[in-house]
Amino acid sequence: MTLESCVTTEKKPLLSVEEAQQRIYDAILPLTESEMLPLKQAFGRVLAETVFAPIDLPSARNAAMDGYAFSSESFATTLTNVGTSWAGKPFEGELNAGECVRIFTGAVLPENTDSVVMQEHVTVNGSQIEFPTNVKLKKNVREIGEDVSVGDALCSVNKILTAGDLGLLAAAGIENVSIIRQLKIVYFSTGDELVPLEASLTRGKIYDSNRYSLHGLLQNPCYQVTDGGVIIDDKDELKRTLMQAASEFDVIITTGGASVGDADYVKTVLEECGDVNFWKIAMKPGKPLAFGRIGACYFFGLPGNPVAVTTTFDIIVKSALVRLVGAIAQKPWLLSAVCTTPLKKSRGRQDYQRGILQQTEIGEFKVASTGHQGSHILSTANLANCYIILPSDCTDVEIGETVTVVLPSI
Ligand code: AMP
Ligand code: MG
């Protein structure tokens, strides 16, 4: 499914969302510096080097079932049990023809055995074990290296380590791994109207909520995140703060002040102390979005409206940060869903309307609007589990029309 590129009604065409994403992708140089970390600390982090298996897995032939082990070459329907092979305590003796051993799951198979029959299929008469005549030979045995052979790649460079990866690496005895260092991110709110939660509200002031949203959005073991606080609407103060931050961090994220109001200095300051790659995109919410660099530091100037912050983060910033930490960003899955509520839409920008996606019993997707779509309306935005993507030249959507949705968390 392709989304049409931007057709705008504005005088100067705005960059489409796809073009903005591509420009960020092209501009970003992923981190390469690494650190050695103990396995548990590497969870959720990005591998800096491929890890190869130092041993075979399994490293010894072992039983897949609790039962009796014997050699297929000397199988008879009655065998004498001559000992036990426990998980962790192998049977060390030799088996002669007509003999078997009791064996448990994970226990090493005695030297000259190659078959295990599960205990439910035998009859035990003291040391005499009776097997069914139709027993399948050479079964229930886990062979050396059938999972992984020495030298196989266990986990490849650039992989984000999952719980399963930690298990696999641990199974191969890997204690420490080489991991891309954390991305140092600082975020700021901008605006004279913002007060901290501890303060009481006076006329015209609002609580600074964007830094709380960003705090949540930036929870990721790959990031070392600093809350830089609030920058007042003063150009020199903004410039001084951003220049200082650019010397200490890999990424600066600001919210607010990115538009064209008299107190919006973000774009001007970025021009003066760095490079503006773009600062407006054909996205709703989220038109005033600046991207650029200050020295070696990447800069994302997000809009001030709270819903525009979370939306631009999900759609634009998140994949950029994933690329920066050296991981391979997965393209989010787009789904087709039948719209169950009418949607208001004007031409010119690609909308990311907040929606509630459900799957019917027969597997069809249905989506409803969360309600009021204002970029300051946090309460309904937070009911959403998806974005409904409406291309820039699309207009109102009627009930029953099929729309494209994207899940923010992928
Ligand atoms: P701006 O882009 O600075 O013009 O801000 C757009 C809107 O978002 C205004 O209504 C601001 O008051 C609001 N806003 C900006 N920053 C924040 C913030 N940190 N928390 C809550 N609302 C904000
Ligand atoms: Mg402002």
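Indexing begins at 1, ligand by ligand and atom by atom, following the structure's order. Remember, predicted model here, so these are calculated numbers, not experimental data. Keep in mind that the numbers below use all heavy atoms, side chains included, and drop hydrogens, waters and symmetry copies.
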Identity and separation of the nearest protein heavy atom to atom 4 (O) of ligand 1: D264 OD1, 3.9 Å

Taking atom 22 (N) of ligand 1 as the reference point, the nearest protein heavy atom with its distance: I206 CD1, 3.4 Å

Aromatic Y68 / basic R102 pairing, under 6.0 angstrom, 45° off normal: yes

Close approach, G257 and ligand 1, non-hydrogen under 4.0 angstrom: yes

Derivation of the side chain to side chain contact (heavy atoms under 4.5 Å, CB included) call for Q182 and R45: CA-CA 8 Å; Q182 282 183 315; R45 300 283 299 272; 3.5 Å; yes

L390: which of Q350, K345, K284 passes side-chain contact (heavy atoms from CB on, under 4.5 Å): K345

Atoms of ligand 1 close to S189 [distance to a heavy atom under 4.0 angstrom, numbered from 1]: 19 (N)

is_close_aromatic(F131, F70), centroid dist under 6.0 Å: yes

N or O contact, R211 vs ligand 1, cut-off under 3.5 Å: no

Close N or O approach (G304, ligand 1; < 3.5 Å): yes

For A60, side chain to side chain contact (heavy atoms under 4.5 Å, CB included) partners two or more places apart: V108

Ligand 1 versus V230: contacting region, heavy-atom distance under 4.0 Å: neither

Top protein contact for atom 7 (C) of ligand 1, by heavy-atom distance: N305 OD1, 3.3 Å

S209 contact mode with ligand 1 (heavy-atom cut-off under 4.0 Å): both

Donor-acceptor under 3.5 Å (D351 side chain, I388 main chain): no

Identity and distance of the protein heavy atom lying nearest atom 18 (C) of ligand 1: N210 ND2, 3.1 Å

For the student: nearest non-hydrogen atoms of I180 and E35, plus distance: O-OE2, 4.4 Å

Contact check: E193 vs ligand 1, nitrogen or oxygen atoms, below 3.5 angstrom: yes

Set of residues satisfying side chain to side chain contact (heavy atoms under 4.5 Å, CB included) with respect to K139, sequence neighbours excluded: K136

Nearest non-hydrogen protein atom, atom 19 (N) of ligand 1: D208 OD1, 2.7 Å

